[in-house]
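Sequence positions, counted from 1, serve as the residue numbers for this chain.
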Amino acid sequence: MRTGAPRRIAMLTIAQIREGLARPGKSQKGLAAAMGVDTSTVSRLLAGKRPLRAHEIPVILGYLEAGSAAAGGGRCRAMPEIVQIGGDRFAMLPVYDAMVSAGPGAEAEETPPATRIAFRVDWLKRVARGNLGDLVVLTVDGDSMEPTLRQGDSVLVDMGQQRPGQKDGIYVIRTDGGLQAKRVAVNPTNGRVSVISDNKDLYPAFVDLSPAEIQVIGRVIWLGRQVGT
């Protein structure tokens with residue numbers, strides 16, 4: 001994949017960006033949110049009044065090439081609103097009522113977000129790999145991932161990261177029981193998958209699975225926890 005990247009970067013022109021923005025579901029506002037800049041900055045870029053910087057190219061390509069539906073479902077990945085607070089930009093990420101089980105599993109509801117939480121854009125760009133529209137906040141239900149994840153924890157899920165083989169970690173996966181948060185690891189020699197609970201005394205691991213046996217929704221990249229009651 002490294003060998004193809006330089007050619008893609010060299011071929012990206014302002015005309016191609018305009019063409020990509022003309023596709024259904026794409027907009028200057030959405031691109032601005034993905035880049036973490038104001039819409040006026042994108043307008044200046046398209047007008048040739050601002051240079052295209054090398055580090056912005058992968059972000060622009062990711063936004064223009066991203067599908068219109070969320071992984072594992074039909075919900076459109078709308079770009080979050082970007083608000084300016086003082087000298088910082090914040091993305092208003094959606095928080096869904098859907099519970100991510102750290103136990104037997106709970107089904108997610110295809111509903112609008114219950115609320116939104118502000119995250120600093122520059123921090124999100126460091127920890128996330130794709131578009132800001134791929135980021136959602138869900139709530140943990142169950143005890144199978146204790147002590148790492150606890151009942152009621154809020155987790156930030158990057159739906160742009162759906163390939164555990166690239167990076168082991170805690171992922172949200174869809175099973176017959178609904179959505180579950182589990183530690184997912186891929187054997188580098190044969191590509192077989194292990195799904196592991198941190199609470200190993202109560203929950204067994206599932207090993208030597210075919211990748212087709214699990215559906216990865218996204219990678220957990222942050223957790224928030226209430227202290228006290």
Any side-chain heavy-atom pair from [X] and [Y] closer than 4.5 angstrom?
X: Ile17; Y: Leu31; result: yes
X: Val83; Y: Met92; result: yes
X: Asp38; Y: Arg89; result: yes
X: Val140; Y: Met145; result: no
X: Thr41; Y: Leu45; result: no

How long is the span from the [atom1] atom in [X] to the [atom2] atom in [Y], to the nearest 0.5 Å?
X: Ser194; Y: Leu209; atom1: OG; atom2: CG; result: 7.0 Å
X: Lys29; Y: Ser43; atom1: NZ; atom2: OG; result: 13.0 Å
X: Thr148; Y: Asp153; atom1: OG1; atom2: CG; result: 10.0 Å
X: Ile170; Y: Leu149; atom1: CD1; atom2: CG; result: 4.5 Å
X: Arg44; Y: Thr39; atom1: CZ; atom2: OG1; result: 11.0 Å

Hydrophobic cluster membership, [X] vs [Y], 4.5 Å side-chain cutoff:
X: Ile173; Y: Val207; value: no
X: Trp222; Y: Val127; value: yes
X: Phe90; Y: Val136; value: no

Heavy-atom pair of closest approach, residues [X] and [Y]:
X: Leu21; Y: Ser27; value: CD2-O, 3.4 Å
X: Ala205; Y: Ile196; value: CB-CG1, 4.1 Å
X: Tyr171; Y: Pro164; value: OH-CA, 3.4 Å
X: Leu124; Y: Ala91; value: CD1-CB, 3.8 Å
X: Leu93; Y: Leu132; value: CD2-O, 4.0 Å
X: Val193; Y: Val184; value: CG1-CG1, 3.7 Å

- Item | Residue pairs, two or more places apart or on separate chains, that pass side chain to side chain donor-acceptor pair (under 3.5 Å) and touch residues 116-125 |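 Matches after skipping sequence neighbours: Asp88-Arg120.
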
- Message: On the six-membered ring of Tyr203, is Lys182 placed so that its NZ or CZ lies under 6.0 angstrom from the centre and within 45° of the ring axis?
- Response: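 So Lys182 does make the cation-pi contact.
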
- Query: Between Ile60 and Leu52, does a side-chain contact (heavy atoms from CB on, under 4.5 Å) hold up when you go through it step by step?
  - Reply: CA-CA 10 Å; Ile60 295 172; Leu52 176 61; 3.4 Å; yes

- Task: Using the salt bridge (charged side-chain N to carboxylate O under 4.0 Å, His left out) rule, collect all pairs that involve residues 185-211, keeping only residues at least two apart or in two chains.
- Result: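 Every salt bridge (charged side-chain N to carboxylate O under 4.0 Å, His left out) pair that includes a residue of residues 185-211, provided the two are not neighbours, is Arg183-Asp198, Arg192-Asp208.
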
- Message: Suppose we screen for salt bridge (charged side-chain N to carboxylate O under 4.0 Å, His left out). Which residues come up paired with Arg18, at least two apart in sequence or across chains?
- Response: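 Result, salt bridge (charged side-chain N to carboxylate O under 4.0 Å, His left out) vs Arg18: none returned.
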
Quick one: does [X]'s side chain have a donor or acceptor within less than 3.5 Å of a partner on [Y]'s backbone?
X: Gln162; Y: Ile217; answer: yes
X: Ser210; Y: Ala212; answer: yes
X: Gln161; Y: Gly218; answer: no

- Message: Using the side chain to side chain donor-acceptor pair (under 3.5 Å) definition, which of the options Asp143, Asp141, Thr139 pairs with Gln151?
- Response: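 Exactly one pass, corresponding to Asp141.
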
- Message: Evaluate Phe119 against Val137 for side-chain contact (heavy atoms from CB on, under 4.5 Å), listing each step before the verdict.
- Response: CA-CA 11 Å; Phe119 286 83; Val137 179; 4.0 Å; yes

